[in-house]
Amino acid sequence: MTELKNMDTGIVITSFVSLKEKQEVIRTLHKTLDGRQLVSRFGEPAVSYDITVYVKENGRQALFTAEDELSLLKVTLGDKVYYGRITKLSDFDRISREYFKAEVTLAKEVDE
């Protein structure tokens, strides 16, 4: 099963979704007097998910609402489940009379 679901409202936004996981690490680079370089890392990596969705008009409106209300979204891809909240929502590209395509970034919210 593949789907994007708003956990706050229980609405399935679309079953056409793909996901890429990424992480961002905060680090600084220091150069010592003898020329060596030292790398320092701060905190834990920030994990986010880049997803591509294909939605009809009602799904487009559901994504606008989820972004506005900071709703918890659940992405199910087979037996894997990912949770996050929208931090970035691209413009919607019309790809057919009924469907739109958008790129969404979710900040990782929950481990399961």
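Numbers here are sequence positions counted from 1.
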Checking Val81 against Lys74 for the side chain to side chain contact (heavy atoms under 4.5 Å, CB included) test, could you report, in this order, the C-alpha distance in whole Å, the side-chain angles of both residues, the deciding distance, and whether it holds? CA-CA 7 Å; Val81 178; Lys74 174 184 171 185; 3.7 Å; yes

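- Remark: Leu73 CG to Leu106 CG distance equals 5.5 Å, nearest 0.5 Å.
- Evaluation of the salt bridge (charged side-chain N to carboxylate O under 4.0 Å, His left out) rule for Arg36 yields Asp34 as partners, not counting sequence neighbours.
- Residue Ile51 is grouped with residue Val47 when hydrophobic side chains (ILVMFWY) are merged at heavy-atom distances under 4.5 angstrom, including chains of intermediate members.
- Considering all non-hydrogen atoms of both residues, Gly78 and Thr2 come closest at N-OG1, 4.4 Å.
- Criterion: ILVMFWY side-chain heavy atoms under 4.5 Å apart, direct or through other members. Under it, Ile86 and Leu77 are part of a common hydrophobic cluster.
- If you take OH on Tyr49 and NZ on Lys108, they are separated by 4.5 Å, rounding to the nearest 0.5 Å.
- Annotation: salt bridge (Lys or Arg N to Asp or Glu O under 4.0 Å) contacts involving residues 83-94, sequence neighbours excluded, comprise Arg85-Glu109.
- With sequence neighbours left out, the side chain to side chain donor-acceptor pair (under 3.5 Å) criterion links Glu103 to Thr52.
- Clustering of Ile, Leu, Val, Met, Phe, Trp and Tyr side chains at separations under 4.5 Å places Tyr99 together with Phe16, Tyr54, Ile95.
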Just list the side-chain donor-acceptor pairs under 3.5 Å for residues 55-68, sequence neighbours left out, or say none.
{"unit_1": "Glu57", "atom_1": "OE1", "unit_2": "Arg60", "atom_2": "NE", "d": "3.1"}
{"unit_1": "Glu57", "atom_1": "OE1", "unit_2": "Arg60", "atom_2": "NH2", "d": "3.4"}
{"unit_1": "Glu57", "atom_1": "OE2", "unit_2": "Arg60", "atom_2": "NH2", "d": "3.3"}
{"unit_1": "Glu57", "atom_1": "OE2", "unit_2": "Gln61", "atom_2": "NE2", "d": "2.8"}
{"unit_1": "Thr65", "atom_1": "OG1", "unit_2": "Gln61", "atom_2": "O", "d": "3.1"}

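- Across Arg41 and Glu44, no two heavy atoms sit closer than the pair NH1-CA, 4.0 Å.
- Using a 4.5 Å heavy-atom threshold, the side chains of Lys101 and Val53 count as separate.
- To the nearest 0.5 angstrom, Met7 atom CE is 5.5 Å from Lys5 atom NZ.
- Nearest approach of Leu72 to Asp8, heavy atoms of both residues: N-OD2, 3.3 Å.
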Contacts table for residues 18-30: side-chain donor-acceptor under 3.5 angstrom, sequence neighbours left out:
{"unit_1": "Lys22", "atom_1": "NZ", "unit_2": "Asp50", "atom_2": "OD2", "d": "3.4"}
{"unit_1": "Thr28", "atom_1": "OG1", "unit_2": "His30", "atom_2": "NE2", "d": "3.0"}

